[in-house]
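Have a look at the structure below before the remarks.
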Amino acid sequence: MKELIEYIARSLVDNADAVRVDEIDTPGALVYELHVAPEDMGRVIGKSGRVANAIRVLLRASVNRTGKRTLLEIV
Amino acid sequence: MENAKRSVETSGKTVEDAIQRGLMQLGLERSQVQIEVISEGRAGILGFGAEPARVRLTQAIAANSAPAWAPPSQPDTTTPAEYTQPPSTLGHAPATPADKPDMTVSREAHGQVDTPSVPVTAAQAAMQATTTQPATPTVAARSSVTEKTSGTASSEGATSSEATAIATETVQHLVSAMGYEAKVDARIVSNTESGETGDSLFVDITGRNLNNLIGQDGETLGALQFITRLIVNHKTQQWTEIVVDVDNHRQRRVDELNSLAARAADRVVRDGRPVSLQAMPANERRIIHLALRNHPNVMTVSIGQGDNRKVTIRQKP
């Protein structure tokens with residue numbers, strides 16, 4: 001799932017080298033922190049968060065062996 | 001009036017599945033029954049919370065079987081909706097399949113993948129000539145992606161076949177990053193005949209156990225299509241209409257909506273009261289509106305705001 005976020009983010013931004021995803025395993029959920037260059041923030045969030053929400057939908061549908069919820073945060 | 005007819009209620013994994021079972025039980029063709037979806041069912045997570053899809057099939061009244069009014073060009077009706085005029089109506093021009101060229105075309109485009117039934121336009125042919133892989137008619141161009149089509153992405157305007165390759169690779173990448181194994185094919189369909197401009201790129205995902213890629217009410221499929229569009233259009237630096245589909249789900253949904261429209265219209269004609277359908281997204285409402293556009297006795301309007309917008313079917317004044 002980390003790879004999924006990285007792939008989508010790298011494909012959408014101008015500065016692909018600045019993309020970084022951290023996976024944090026908390027008791028209730030898997031939290032993914034997506035870091036992108038400041039000027040690319042809009043690309044991965046989208047109008048009214050459309051892109052970010054679409055990524056969340058795909059995360060939820062991904063094969064998830066832990067059975068935990070997934071959270072995507074863009075920082 | 002339902003009681004006198006043969007009717008059966010069945011369930012199955014999917015609506016389609018349930019319909020097939022019902023048809024077997026009745027020993028009838030699809031065109032000879034009215035299909036009522038009781039529950040669309042839910043896939044559930046890891047087998048929990050799964051609900052079967054339920055449908056009721058009722059043998060159609062007339063000997064020739066079609067509902068009193070069926071949307072034109074329903075693919076599997078044996079007689080393409082020869083319009084039987086309900087006794088109560090004044091004379092109106094019957095709707096014929098020819099009235100809806102755009103629907104017919106999109107169906108063909110969707111259904112027959114390998115037949116270049118849609119003519120290749122001159123512009124497309126010209127574009128084709130400039131690409132590195134000549135000779136394949138654009139419509140029939142399908143790229144299978146087991147081997148990776150590598151960086152054909154050029155920063156300035158990509159040709160259709162490049163867009164096809166990029167789209168296939170993108171979707172393949174997304175789907176496998178989500179943990180699914182599936183086959184991805186892309187093809188270009190020319191829209192010139194339907195009066196819309198430009199070409200559409202259809203990306204088909206096929207495989208086993210892909211219901212999660214469709215999601216509740218197609219939510220996941222919508223997100224997949226949205227992200228694919230963004231990525232491909234970003235990489236090719238041009239705008240291409242891209243439609244992503246899983247196991248022909250979109251086509252099945254169109255068929256479902258068409259029969260829903262026909263049944264609801266029948267009910268409006270019979271009861272004289274307006275019928276509101278469930279809230280639907282814009283593209284699905286459009287299908288309903290189109291399906292009943294030439295109906296002699298009913299009209300359709302969309303009522304409500306945002307996610308709660310629904311089609312209401314009522315009698316023509």
Side-chain angles (χ1 to χ4, degrees), chain A residues 1-23 25 28-37 39-74, chain B residues 42-49 148 151 153 155 158 163 166-182 205 207-237 242 244 246 249 281 306-307:
Chain A
M1 285 188 280
K2 187 176 163 184
E3 202 223 324
L4 176 71
I5 302 170
E6 273 173 356
Y7 175 70
I8 295 173
R10 291 228 162 88
S11 307
L12 294 177
V13 300
D14 289 328
N15 186 353
D17 292 336
V19 171
R20 200 183 83 230
V21 177
D22 295 331
E23 184 182 87
D25 194 347
L30 288 175
V31 181
Y32 293 92
E33 283 185 358
L34 170 60
H35 303 262
V36 299
E39 66 272 19
D40 285 327
M41 288 288 253
R43 287 256 164 72
V44 294
I45 296 173
K47 267 187 216 159
S48 319
R50 256 190 103 182
V51 179
N53 283 328
I55 299 175
R56 293 187 177 112
V57 170
L58 294 187
L59 275 180
R60 223 181 301 139
S62 295
V63 175
N64 179 353
R65 288 192 184 79
T66 62
K68 286 182 188 173
R69 287 196 310 140
T70 52
L71 295 179
L72 174 67
E73 279 172 23
I74 296 165
Chain B
R42 286 179 17 196
I45 300 155
L46 298 168
F48 292 108
K148 253 194 191 160
S155 47
I166 292 170
T168 323
E169 194 199 335
T170 303
V171 174
Q172 183 75 63
H173 215 120
L174 289 171
V175 169
S176 57
M178 288 174 70
Y180 296 93
E181 263 177 53
I205 306 170
R208 294 158 60 87
N209 302 323
L210 297 182
N211 281 344
N212 284 344
L213 281 184
I214 297 171
Q216 187 99 56
D217 294 330
E219 188 191 25
T220 309
L221 184 54
L224 200 56
Q225 173 169 300
F226 178 66
I227 296 282
T228 304
R229 237 180 233 186
L230 278 184
I231 294 179
V232 174
N233 290 337
H234 183 71
K235 282 186 179 167
T236 58
Q237 294 292 310
I242 297 175
V244 180
V246 173
H249 171 264
D307 288 344

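Residue numbers start from 1 in every chain, and the chains themselves are labelled A, B, ... in the order their sequence lines are given, proteins ahead of strands. Hydrogens, waters and symmetry mates are skipped; everything else that's a heavy atom, side chains included, is used.
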| query | Hey, mind stepping through B/Leu210 and B/His249 against side-chain contact (heavy atoms from CB on, under 4.5 Å) and telling me if it holds? | reply | CA-CA 11 Å; B/Leu210 297 182; B/His249 171 264; over 6 Å; no
| Is it the backbone or the side chain of B/Ser176 that comes under 4.5 Å from a heavy atom of chain A, or both, or neither? | neither
| query | What is the distance from atom OG1 of B/Thr228 to atom CD1 of B/Ile205, rounded to the nearest 0.5 Å? | reply | 7.0 Å
| said: Using a 4.5 angstrom heavy-atom cutoff, name the option from B/Gly222, B/Ala223, B/Gly215 with the most pairs to chain A. | reply: B/Ala223
| Could you state the interatomic distance from CG (A/Leu34) to CD1 (A/Ile8), rounded to the nearest 0.5 Å? | 9.5 Å
| Would A/Met1 and A/Thr70 satisfy side-chain contact (heavy atoms from CB on, under 4.5 Å), going step by step from the backbone distance to the final call? | CA-CA 9 Å; A/Met1 285 188 280; A/Thr70 52; 4.0 Å; yes
| query | Side chain, backbone, both or neither: which part of A/Arg56 has an atom under 4.5 Å from a heavy atom of chain B? | reply | neither
